[in-house]
Amino acid sequence: MRFEPARSLSGEVRAPADKSISHRAALLGAMASEPVRIERYLHAADTTSTLQAVQALGALVEVRGDRVVIRGTGLREAREPERAIDVGNAGTLLRLLPGWLAAQEGRSFTLDGDSSIRARPVDRIAAPLREMGAEVQAREGRFPPLQVRGGRLRAIDYELGVASAQVKSCVLLAALAADGATTVTEPARSRDHTERMLLKAGVTIAREGRRLRVLNADELLLDSVSVPGDPSSAAFMVAAGVLVPGSRLLIADVGVNWTRTGFLRIVRRMQGIVLGDLEEETEELVEHEPVSDLDVAHGALEATVVEAPEVPLAIDELPLVALLGCFAEGETVVRGAQELRLKETDRISGVVEGLRALGADIEATADGFAVRGNGGLRGGTIDARGDHRMAMMGAVAGLASSEGVEVLGMDAAAVSYPGFVEDLAGLAS
Ligand code: S3P
């Protein structure tokens, strides 16, 4: 699909529903004893995989447009499915679901997915789940298919080796069925949707700095979850608005939980214009997921440096930081982001090779990249490599380029943002 240079972007777009929060709402809904109503569930490939997974485990799922009602099985009553659970392309499902399955005493489960999923490491969740008392096996000890046999779980004190919200969430879900208080310490703050939703579900959970303490629970009482717009999906529109001269956009209903808005802070630091009511950094755990409209306008960009503590707060948007760097004055550097190599594709080599083919002066480092702004991008062809975020970055690059960009594999966007091309076209017309 080709994306021609845009003259300017204007108008209003509503961010699609949050993928991270939709996954969590479906999983906690399945773990709850009473029906849970989810308002504005994301209907995209990844989150459809989650609905199918919880159905295979015995939850009843009723879809009425954006509203999804889940009648769960309760914390310890997931059914053993006859076949492997297909997680599709969804890394979040692959890492979170085993936390629940680990507590299903005497029952066995297999998780598998597409070719990209088969290259995503699961040893990071296997280690804590084994320590808690589940039996876990993976191909070569590290990759899906992943097998989990539930057990009687022990509470543990777990120190995460990587700042990963997925691994943290997996341990928190398992902790609900453990025999006491579990603590999880993260090396840096990462998205905290699981913690917020557990608090809302009546779980005793508290944070002290980078340490979380969660008590086991008899049941989850969630009632309803309202899903905000996804800041990671909105980020593509933000980047487009900031890059294309003369643009002025309104992006409505964006989730602005501060653990997700690292990219917006980076854009502001680069002198891009993003107005909105962003949540302030807090240590205290709250139930609420804040929402704001974002007002975006083109700005003359300056380079910036992104260091390790900021990485988990902008992890999925770092390819866009590279794209902005192509248009900024000076050298933009991202460090401490080696986790990017383990995403849907290796997003360090994908971004560097992809943007270089469009005219960028960019190089890869072991843990990130460095890009020198050279007046923007010429254009050319970029291969999404089956990665939804690479596809959408390529499309935005096309709008901001001087000659246009052809994206190979644009359909990958359906993993998180099925209406992306239409939304972008609406802003360009
Ligand atoms: C996610 C956490 C991040 C992120 C992913 C979604 C989540 O992964 O990259 O897209 O919903 O918890 P890691 O926890 O592996 O960093």
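Numbering of ligands and ligand atoms starts at 1, following listing order. The chain is numbered in sequence order, starting from 1. Basis for what follows: all heavy atoms, side chains included, without hydrogens, waters or symmetry-related copies.
Considering Leu294, Val291, Asp18, Val227 as possible partners of Asp253, the one that fulfils the side-chain contact (heavy atoms from CB on, under 4.5 Å) test is Val291.
Ranking the protein heavy atoms by distance from atom 11 (O) of ligand 1 puts Ser20 OG, 2.7 Å first. Closest protein heavy atom to atom 14 (O) of ligand 1: Ser164 OG, 2.7 Å. Of all protein heavy atoms, the one closest to atom 10 (O) of ligand 1 is Asp316 OD2, 2.7 Å.
Polar contact check, Leu96 against ligand 1: no nitrogen or oxygen pair lies under 3.5 Å apart. Not a single N or O atom of Glu339, backbone or side chain, sits closer than 3.5 Å to an N or O atom of ligand 1.
Using modelled atom types, one finds a donor on one side chain and an acceptor on the other under 3.5 Å when comparing Arg265 with Thr261. In this structure, a donor-acceptor pair under 3.5 Å is present between the side chains of Ser232 and Glu317.
Contact record, Met132 with Ala178: CE-CB, 4.1 Å, taken as the closest heavy-atom pair.
Once rounded to the nearest 0.5 Å, the distance linking CD of Gln52 with CG of Leu57 reads 12.0 Å. Distance check, rounded to the nearest 0.5 Å: CD of Glu353 to CD1 of Ile382 gives 10.5 Å.
Which of Arg24, Arg260, Lys343 comes nearest to atom 16 (O) of ligand 1 through a heavy atom is settled by distance: it is Lys343.
Contacts of Arg191 with ligand 1, taken as heavy-atom pairs under 4.0 Å, involve the side chain alone.
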